[in-house]
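Letters go in sequence order (proteins before strands), and every chain restarts at 1.
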2 protein chains.
Amino acid sequence: MAKIKDVAEAAGVSPSTVSRVLCNGPVSDKVRKRVEEAMRQLDYRPNLAARRLRSQHTDTIGLIVSDIRNPFFTAVSRAVEDEAYRNGMRVILCNTDENPDKEAMYLRLMQEERVTGVIFAPTRQTVANLDPAALGFPVVMIDRASRDVTTDAVVLDNRRAAAALVEHLLAQGYRDIAGVFGNTSSTGMERHAGFAEAMQQAGLPAPAQFVAPSVEAAEQAVLAMLAAEQRPRALVVSNGVLMLGAVRALKSAGLHWPQDVALAGFDNDVWTELLGDGLTVIEQPVGEIGRAAMAMLLERLDDAERSPRIVVLQGKLLARGSSAPVA
Amino acid sequence: MAKIKDVAEAAGVSPSTVSRVLCNGPVSDKVRKRVEEAMRQLDYRPNLAARRLRSQHTDTIGLIVSDIRNPFFTAVSRAVEDEAYRNGMRVILCNTDENPDKEAMYLRLMQEERVTGVIFAPTRQTVANLDPAALGFPVVMIDRASRDVTTDAVVLDNRRAAAALVEHLLAQGYRDIAGVFGNTSSTGMERHAGFAEAMQQAGLPAPAQFVAPSVEAAEQAVLAMLAAEQRPRALVVSNGVLMLGAVRALKSAGLHWPQDVALAGFDNDVWTELLGDGLTVIEQPVGEIGRAAMAMLLERLDDAERSPRIVVLQGKLLARGSSAPVA
DNA sequence: GGTGCAATTGAAATCGATCCCAATTTTTGT
DNA sequence: ACAAAAATTGGGATCGATTTCAATTGCACC
């Protein structure tokens with residue numbers, strides 16, 4: 001494969017000049033034309049590894065999520081990637097499966113890649129132990145964040161959103177409401193807090209289950225709740241993956257919503273509006289989250305000193321059939 | 001950030017020796033210990049750009065799909081990535097939106113990255129124009145392939161699968177069956193061929209629509225079909241994205257399946273089993289497709305000369321409520 | 001025609017690793 | 001204990017680009 005020296009010889013100029021053509025440096029039109037022609041002749045492609053080594057910037061960002069198969073992360077990723085490529089950056093995608101060891105491994109990989117920055121949805125455990133300053137690149141957290149604002153982050157107003165679900169269910173006439181929350185992310189904790197708060201405000205108990213973030217775990221947990229002495233009249237579920245488990249549990253228990261159990265949760269996945277009269281969910285602005293994260297990262301790269309900030313976005317309550325008023 | 005020279009000095013050895021420690025070269029245990037300790041002290045991270053430049057292998061593969069939000073590609077990607085990382089390779093993910101210009105752009109990027117190989121789901125147009133030999137890296141096509149076996153590929157037995165859907169519908173008593181197919185991929189064409197063939201074998205006409213590969217396009221097309229004079233009694237839909245459009249069209253037209261129109265399609269997306277009594281679909285072995293593609297790529301890297309081959313995987317018919325026998 | 005200044009161009013160092021080859025040390029065999 | 005063989009180590013070139021700095025060219029103006 002042709003290198004810059006070959007192009008230089010073919011065009012009768014020095015490698016420096018070819019490089020200048022590549023980087024839009026000062027070159028006379030005549031020479032630029034000749035060089036470009038030579039590049040075409042030789043089908044020249046700059047070697048990005050060499051360029052990165054010499055120029056000391058990789059124009060690459062890392063995107064570390066738990067599982068790209070979770071539609072929330074799929075959508076966010078797509079937005080991040082579009083935005084990144086628009087800004088001339090590549091994306092390295094990593095799936096951690098909510099496993100702190102994998103998180104550490106990928107962070108290490110990001111260091112070896114000398115990435116420009118990282119967008120990261122960490123587990124609670126990693127949030128607690130991580131010192132982003134020691135990493136050598138800026139980090140923007142998404143979906144999850146530490147309580148104190150020490151790292152840039154883009155998150156949903158989780159407490160408000162969870163409370164909004166509760167308030168909605170209360171307004172529809174439900175009282176016996178139970179919650180199911182993911183146990184690995186700060187998001188699950190926040191949503192639980194909002195849930196508990198709103199229930200307490202209504203003077204109601206707030207029974208809650210914390211489960212591993214998988215469909216199967218949620219299905220098992222919900223099946224158990226449904227089989228219990230005091231079956232809840234409504235369920236608040238803290239994300240789309242768990243909601244899928246809940247729906248499966250209801251189906252296999254032969255129960256119907258909202259007649260037997262009302263449902264309300266998070267993430268407006270495509271199927272939620274198709275199920276019966278629709279599932280009531282908080283829709284997250286997934287595209288905006290991805291774009292905001294990328295924008296924050298770019299701003300941070302512009303100014304390493306500016307104080308960290310958290311962008312809090314609001315969810316949108318989509319009230320649908322699964323939380324119809326109590327008959 | 002520390003470099004190899006710093007580590008060498010700290011450990012009192014030459015850079016060559018440090019490099020050997022990194023690459024498991026021949027080093028005495030004593031020295032290896034010292035070097036490793038120095039690395040820990042300095043929090044050393046090898047610079048992958050430098051390593052790639054010098055060693056002339058990037059251990060990076062490109063994964064080019066149309067849209068990661070399509071659950072089929074999401075699942076395949078996840079399998080590819082797991083398999084890649086397991087083999088010590090990174091993945092660069094690209095979304096082309098079935099746009100040949102983007103495809104060309106990303107292929108060019110892959111050349112600049114000097115990737116080891118590429119796994120690619122190309123549009124028909126690109127399949128027709130592309131000369132994989134000129135790219136400089138091996139390509140394994142997934143989901144789609146050229147008719148003649150000139151490039152490694154992993155595909156479904158699309159004709160058989162589509163025919164299986166038709167045969168199933170016929171067996172259930174349906175006769176007026178129409179098809180909806182994507183118009184940008186060879187996959188759509190193959191599935192149409194299988195559909196048409198099976199219908200012809202039954203002595204039936206095979207009305208078909210070709211649409212852009214988006215939910216909206218499918219929804220519009222299906223709405224039109226449903227409003228036509230002769231509404232079909234059953235629909236074969238060529239992938240999960242289009243199926244979503246079809247379901248939406250039925251819903252908004254106030255029609256029910258299978259009573260008004262039976263449905264059968266591809267891709268066992270999570271929601272297909274939840275809708276009513278379930279949607280009849282051909283399940284693709286998504287994980288296997290990703291793993292097989294990665295395995296093929298590795299074999300090809302091992303032996304550039306072996307003759308190209310196509311791995312054809314079989315889909316699995318999941319007969320569910322949407323194609324219940326005609327009453 | 002010569003001078004001064006800006007615009008182009010080229011030479012050579014450099015980024016941080018790997019790798020070839022030669023030098024050195026250690027091990028082995030007798 | 002000594003020579004030969006094997007194992008380990010170091011020196012220095014190299015991968016393919018960018019970047020600094022100096023040299024050259026072109027042009028305007030006196």
Pairs under 3.5 angstrom, nitrogen or oxygen only, protein versus nucleotides 23-26 of chain C, please.
none

Task: Note: A:Arg40-A:Glu37 ion pair, threshold 4.0 Å (strictly below) - done: yes

Open item on the list: Tell me the interatomic distance from A:Leu42, atom CG, to D:dA17, atom C1', rounded to whole angstroms.
Closed with: 16 Å

Task: Within residues 48-61 of chain B or reaching into it, pairs that qualify as salt bridge (Lys or Arg N to Asp or Glu O under 4.0 Å) - sequence neighbours excluded - done: A:Glu113-B:Arg52

- [ ] Output every pair passing salt bridge (Lys or Arg N to Asp or Glu O under 4.0 Å) with a member in residues 66-77 of chain B, not counting sequence neighbours, ordered by first then second residue.
- [x] A:Arg78-B:Asp67, B:Asp67-B:Arg69

Collect all protein-nucleotide pairs involving nucleotides 9-11 of chain D in which both atoms are nitrogen or oxygen and the distance is under 3.5 Å.
residue : atom : partner : partner atom : Å
D:dT9   : OP1  : B:Ser28 : OG           : 2.9
D:dT9   : OP2  : B:Ser28 : N            : 3.0
D:dG10  : OP2  : B:Ser14 : N            : 2.8
D:dG10  : OP2  : B:Ser14 : OG           : 3.2
D:dG10  : OP2  : B:Thr17 : OG1          : 2.7
D:dG10  : N7   : B:Arg20 : NH2          : 2.7
D:dG10  : O6   : B:Arg20 : NH1          : 3.3
D:dG11  : N7   : B:Ser16 : OG           : 3.2
D:dG11  : O6   : B:Ser16 : OG           : 2.9

Task: Side-chain donor or acceptor of B:Arg90 paired with backbone N/O of B:Thr60 under 3.5 Å - done: no

TODO: Sorted by first residue and then second, give each salt bridge (Lys or Arg N to Asp or Glu O under 4.0 Å) pair with at least one member in residues 6-20 of chain A; sequence neighbours left out.
DONE: none

Task: Pairing residues for A:Glu190 by the side-chain hydrogen bond (donor to acceptor under 3.5 Å, both in side chains) criterion, not counting sequence neighbours - done: none

Task: Partner residues of A:Ser14 under the side-chain hydrogen bond (donor to acceptor under 3.5 Å, both in side chains) criterion, sequence neighbours left out - done: A:Thr17

Open item on the list: Without decimals, in angstroms, what is the distance between B:Arg52 CZ and D:dT14 C1'?
Closed with: 19 Å

TODO: Name all residues meeting the salt bridge (Lys or Arg N to Asp or Glu O under 4.0 Å) criterion together with B:Arg114; count only those two or more places apart in sequence or in a different chain, and write none if there are none.
DONE: none

Task: With sequence neighbours excluded, residues passing salt bridge (Lys or Arg N to Asp or Glu O under 4.0 Å) with B:Lys3 - done: none

TODO: Output yes when B:Arg300 and B:Asp302 qualify as a salt bridge under the 4.0 Å nitrogen-oxygen rule, no when they do not.
DONE: no

Task: Secondary-structure notation, DNA chain C, from Watson-Crick and G-U pairs under 3.5 angstrom (| other strand) - done: ||||||||||||||||||||||||||||||

Task: Donor-acceptor contact below 3.5 Å, side chain B:Asp303 vs main chain B:Glu305 - done: yes

Open item on the list: For residues 288-299 of chain B, which residue pairs pass the salt bridge (Lys or Arg N to Asp or Glu O under 4.0 Å) check, not counting sequence neighbours?
Closed with: B:Glu299-B:Arg306

Task: Rounded interatomic separation in angstrom, taking CD from B:Gln111 and C1' from D:dG16 - done: 16 Å

Task: Whole-Å distance separating the CD atom of B:Glu113 from the C1' atom of D:dA17 - done: 14 Å

So which protein N/O to nucleotides 14-17 of chain C N/O distances come out below 3.5 Å?
residue : atom : partner : partner atom : Å
C:dT14  : O2   : A:Arg54 : NH1          : 2.6
C:dC15  : O3'  : A:Gln56 : NE2          : 3.3
C:dC15  : O2   : A:Arg54 : N            : 3.4
C:dG16  : OP1  : A:Gln56 : NE2          : 3.3
C:dG16  : OP2  : B:Lys3  : NZ           : 2.8
C:dA17  : OP1  : B:Tyr44 : OH           : 2.8
C:dA17  : OP1  : B:Asn47 : N            : 2.9
C:dA17  : OP2  : B:Ile4  : N            : 2.3
C:dA17  : O5'  : B:Tyr44 : OH           : 3.2

- [ ] Specify the separation, in whole Å, of atom CG of B:Leu48 and atom C1' of D:dC15.
- [x] 15 Å

- [ ] Find the distance between CG (A:Asn47) and CD (B:Gln56) and round it off to the nearest 0.5 Å.
- [x] 7.0 Å

